[in-house]
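All of these numbers come straight from a predicted model, not from anything done at the bench.
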Amino acid sequence: MDAGLLILRLVLGLLIAGHGVQKVSFRLGGKGLAGGTEEFRGDGFRGGRLTALTAGAGQIGSGLFLAAGLLTPLAAMAAMGVMTVAGTVKWPKGLWVQNDGYEYPLVLVAACAALALTGPGRWSADHALAVTPWPVWISVTVIVVGPASGLLTRLVLHRTAPAGSGTSHPRSAG
């Protein structure tokens with residue numbers, strides 16, 4: 001079981017962190033902070049540079065903490081929040097990833113929720129620091145608060161379409 005949780009944490013955490021790196025740098029195929037800023041603006045978000053920096057930092061931090069199994073429920077909550085925002089961007093395209101849908105963000109949110117409930121396993125920083133197991137109420141709380149924070153972020157930062165435009169954003173990429 002611990003080996004399975006380690007593999008899940010490493011893959012999940014490093015992929016989420018990699019998404020963050022792409023938003024703020026030219027590494028891993030990213031287009032730098034200017035490109036991340038333009039991506040958010042193109043998806044209809046206000047805040048530009050600060051939005052891209054915050055999302056990128058949230059993904060990098062939560063991903064690395066998940067990979068290490070450090071403060072796992074809180075890392076899962078942050079990752080679920082950011083990936084819920086990504087899911088809302090892709091929502092109009094439907095579920096399936098081949099249509100640029102929200103399938104991938106949904107899988108990441110579900111995997112984070114699973115880790116919040118199961119814990120990171122013995123081969124983790126949480127175990128080494130003797131902070132596991134986390135109480136169930138914390139896990140349940142983060143599973144609710146993570147996606148809720150993503151939906152609230154979408155509500156607060158997403159621009160509404162001008163009257164008569166028929167669209168809320170010019171493109172839908174995550």
Might you point out which heavy atoms bring [X] and [Y] nearest each other, and give the distance in Å?
X: Pro147; Y: Ile143; value: CD-O, 3.0 Å
X: Pro120; Y: Gly69; value: CB-CA, 3.9 Å
X: Glu103; Y: Val97; value: OE1-N, 2.9 Å
X: Trp123; Y: Leu6; value: CE3-CD2, 3.8 Å
X: Ala76; Y: Cys112; value: CB-O, 3.5 Å
X: Gly150; Y: Val85; value: O-CG2, 3.3 Å

Between Arg154 and Thr88, is any side-chain donor less than 3.5 angstrom from a side-chain acceptor?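 A pair is found: one side chain offers a donor N or O, the other an acceptor, under 3.5 Å apart.
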
Once rounded to the nearest 0.5 Å, what's the spacing between atom [atom1] of [X] and atom [atom2] of [Y]?
X: Ile138; Y: Leu117; atom1: CD1; atom2: CG; answer: 12.5 Å
X: Ile16; Y: Met83; atom1: CD1; atom2: CE; answer: 6.5 Å
X: Gln22; Y: Arg27; atom1: CD; atom2: CZ; answer: 13.0 Å
X: Thr37; Y: Lys31; atom1: OG1; atom2: NZ; answer: 13.0 Å
X: Arg159; Y: Arg41; atom1: CZ; atom2: CZ; answer: 8.0 Å
X: Leu10; Y: Leu5; atom1: CG; atom2: CG; answer: 11.0 Å

Hydrophobic cluster membership, with links at side-chain heavy-atom distances under 4.5 Å among I/L/V/M/F/W/Y: are [X] and [Y] in one?
X: Met77; Y: Val140; answer: no
X: Trp91; Y: Trp96; answer: yes
X: Met80; Y: Leu15; answer: yes
X: Val145; Y: Trp134; answer: yes
X: Leu12; Y: Leu64; answer: no

Please check: side-chain N/O of [X] versus main-chain N/O of [Y], any donor-acceptor pairing under 3.5 Å?
X: Ser139; Y: Ala116; answer: yes
X: Asp126; Y: Val131; answer: no
X: Thr54; Y: Thr51; answer: no
X: Arg9; Y: Leu66; answer: yes

Taking the inter-plane angle between the rings of His158 and Phe45 on a 0 to 90° scale, is it parallel (under 30°), tilted (30 to 60°) or perpendicular (over 60°)?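 The rings of His158 and Phe45 stand perpendicular, inter-plane angle above 60°.
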
Using the rule given for side chain to side chain contact (heavy atoms under 4.5 Å, CB included), can you reason through Leu115 versus Thr118, listing the C-alpha separation, both sets of side-chain angles and the distance that settles it, and then say yes or no? CA-CA 5 Å; Leu115 273 177; Thr118 63; 4.2 Å; yes

Where do Arg49 and Phe40 land on the side chain to side chain contact (heavy atoms under 4.5 Å, CB included) test, with the steps shown first? CA-CA 9 Å; Arg49 188 178 183 97; Phe40 277 99; over 6 Å; no

So Thr132 and Thr72, side chain to side chain contact (heavy atoms under 4.5 Å, CB included) or not? Walk me through it. CA-CA 9 Å; Thr132 57; Thr72 303; over 6 Å; no

